[in-house]
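Only a predicted model underlies this, so the values are computations on that prediction, with no experimental measurement involved. Below, chain A is the first sequence line, B the second, and so on; all start at residue 1.
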2 protein chains.
Amino acid sequence: MRIVKEAEARRNEILDAADELFGQKGFDGTSTNDILSKVGIARGTLYHHFKSKEDIMDALIERYSSKMLGAAQAIALDTTIPVVERILRAVMAMNISSGNGGESSREIMEHIHRPQNALMHQKIQKIIVNGVPPILTPIVREGIQQGVFNTPYPYESMEMIIIYANTIFDEEMVEMTGEVRMSRILAFIANVERLLGAEVGSLMSVMQAFGGDRGDERGNE
Amino acid sequence: MRIVKEAEARRNEILDAADELFGQKGFDGTSTNDILSKVGIARGTLYHHFKSKEDIMDALIERYSSKMLGAAQAIALDTTIPVVERILRAVMAMNISSGNGGESSREIMEHIHRPQNALMHQKIQKIIVNGVPPILTPIVREGIQQGVFNTPYPYESMEMIIIYANTIFDEEMVEMTGEVRMSRILAFIANVERLLGAEVGSLMSVMQAFGGDRGDERGNE
DNA sequence: CCATTACAGACCGACTGTCTGTCGGTTATA
DNA sequence: TATAACCGACAGACAGTCGGTCTGTAATGG
């Protein structure tokens with residue numbers, strides 16, 4: 001049967017289906033026919049709304065990353081929060097979907113880190129590497145003025161921190177057991193203190209007071 | 001016509017052809033037919049030597065990375081070289097093909113960083129992230145004993161340095177003009193000094209004395 | 001104010017070309 | 001004579017195309 005909907009609604013239907021399928025079977029492992037039958041539309045319809053399969057992926061990434069960066073930006077601009085805590089919360093806002101119980105794009109991040117999704121992984125990595133440091137660096141500069149941090153290279157330090165964290169806490173990249181993971185986190189915090197020129201132990205105490213068992217432990221599902 | 005060769009020779013012929021084609025057109029953009037006609041063999045022959053197209057890529061990566069890590073390891077074990085210089089030379093040994101004018105696997109690294117080669121990029125990244133720090137960390141420990149370095153986390157620091165350098169100096173990941181690139185390198189050196197606990201400016205001077213215009217400037221082709 | 005026409009754009013599904021991987025058979029070598 | 005290298009026709013699956021259909025809406029005319 002033939003059901004006509006508004007373009008925007010149909011597009012989102014397709015994206016939702018693709019989101020779930022890519023998560024389950026990966027981008028290469030998902031055929032356009034899979035998407036077609038899941039949404040219940042014909043081939044032509046899909047290609048009426050998207051110009052290619054990769055175009056679907058790009059739209060999915062766009063939908064996800066704009067939410068992610070937007071959430072982080074919102075927190076970054078709230079100058080009432082102390083700098084260290086603000087950085088932490090901005091980072092956390094990015095990991096956990098869009099913050100408010102968003103229904104879509106929710107699963108994407110959990111399934112990105114898979115060999116089949118290498119291209120998607122790379123594209124998101126690029127967005128993070130280029131998008132996150134500009135958001136967090138102003139907070140670091142604020143911290144420098146307050147005397148909490150001390151570095152001549154706030155942007156580059158932040159960049160290094162983001163890239164490292166994003167790579168090392170990727171299950172597929174570096175396999176770790178629970179204990180090794182914990183020691184990595186400790187070392188990471190110490191290294192961040194050195195890079196940002198924070199007092200030794202200052203980040204550790206804030207993290208414990210703030211997050212407890214959360215913090216940087218994403219991916220322990 | 002039908003030419004019979006030893007398995008090893010044929011395998012390398014196929015790998016050499018694939019190396020060049022993947023470099024030119026990417027993994028996805030290269031069809032098995034491209035490889036077939038380039039080598040001058042039939043489909044069955046290719047699948048007699050390799051079980052899949054991805055298997056070819058894996059063999060290519062294996063051939064390349066074993067040379068790369070081997071060259072780095074050789075330098076790392078030469079304790080006659082001062083620690084800082086040894087780290088530098090070990091890193092340089094990895095970037096520049098296999099060191100001695102090897103004919104094969106020569107091009108791979110120059111073309112890895114392309115959207116089409118996301119999977120290959122990811123696999124090599126994984127090898128670097130997991131393979132390089134174990135080679136370089138002993139040198140850092142040596143440096144700590146000598147008082148050149150000072151860090152409670154030599155492995156994790158090295159890991160952070162490697163991951164960052166490998167990502168940031170990737171043309172596809174972060175687009176940079178010449179000037180920005182230079183400032184990134186300066187910041188990078190300063191941050192490495194902080195992470196390893198080296199004296200401020202100590203790495204800079206060694207790099208200048210040692211490499212001049214080389215050092216970390218891979219990819220300025 | 002209703003009926004008719006015109007149009008845009010959402011939708012369809014058969015079809016095409018291409019690709020990877022298979023398989024039974026053939027030729028060379030030890 | 002057995003093993004291994006080699007061949008190429010073929011099957012199955014896939015992404016993307018294209019001519020054509022349906023539907024809601026807006027303009028036109030009585």
B:I14 CD1 - D:dA5 C1' separation (whole Å): 11 Å

Listed nucleotide nearest any side-chain atom of A:H48, set C:dC11, C:dG21, D:dG8: C:dC11

Sugar-phosphate only, base, or nothing, as touched by B:S31 at under 4.0 Å among non-hydrogen atoms: sugar-phosphate

B:D55 CG - C:dT20 P separation (whole Å): 14 Å

Atom-pair distance (CG on A:D28; C1' on C:dC19), nearest Å: 13 Å

B:T30 side-chain N/O to B:K25 backbone N/O, donor-acceptor pair under 3.5 Å: no

N/O (side chain, A:T32) to phosphate O (OP1/OP2, D:dA15) under 4.0 Å: yes

Interatomic distance where NZ belongs to A:K53 and C1' belongs to C:dC19 [whole Å]: 13 Å

Residue A:S52, side-chain atoms from C-beta onward, closest of D:dC7, D:dG16, C:dC12: D:dG16

Contact pattern, 5' to 3', of nucleotides 22-30 of chain C - B, S or - by protein heavy atom under 4.0 Å: BB--BBS--

N/O (side chain, B:R10) to phosphate O (OP1/OP2, D:dA5) under 4.0 Å: no

Interatomic distance where CD belongs to A:E13 and C1' belongs to C:dC11 [whole Å]: 13 Å

Presence of salt bridge, B:E13 and B:K38, under 4.0 angstrom: no

Distance in angstrom units between A:D34 CG and D:dG16 C1', rounded: 16 Å

Any B:T45 side-chain N or O less than 4.0 Å from OP1/OP2 of D:dC7: yes

Nearest-Å distance for atom pair CG/C1', residues B:L36 and D:dC6: 12 Å

Nearest-neighbour nucleotide for the B:H49 side chain, C:dA10, C:dC12, D:dC6 considered: D:dC6

Option from A:K123, A:K51, A:K53 for which salt bridge (Lys or Arg N to Asp or Glu O under 4.0 Å) with A:D58 holds: A:K123

N-O pairing of B:R86 and B:E142 below 4.0 Å: yes

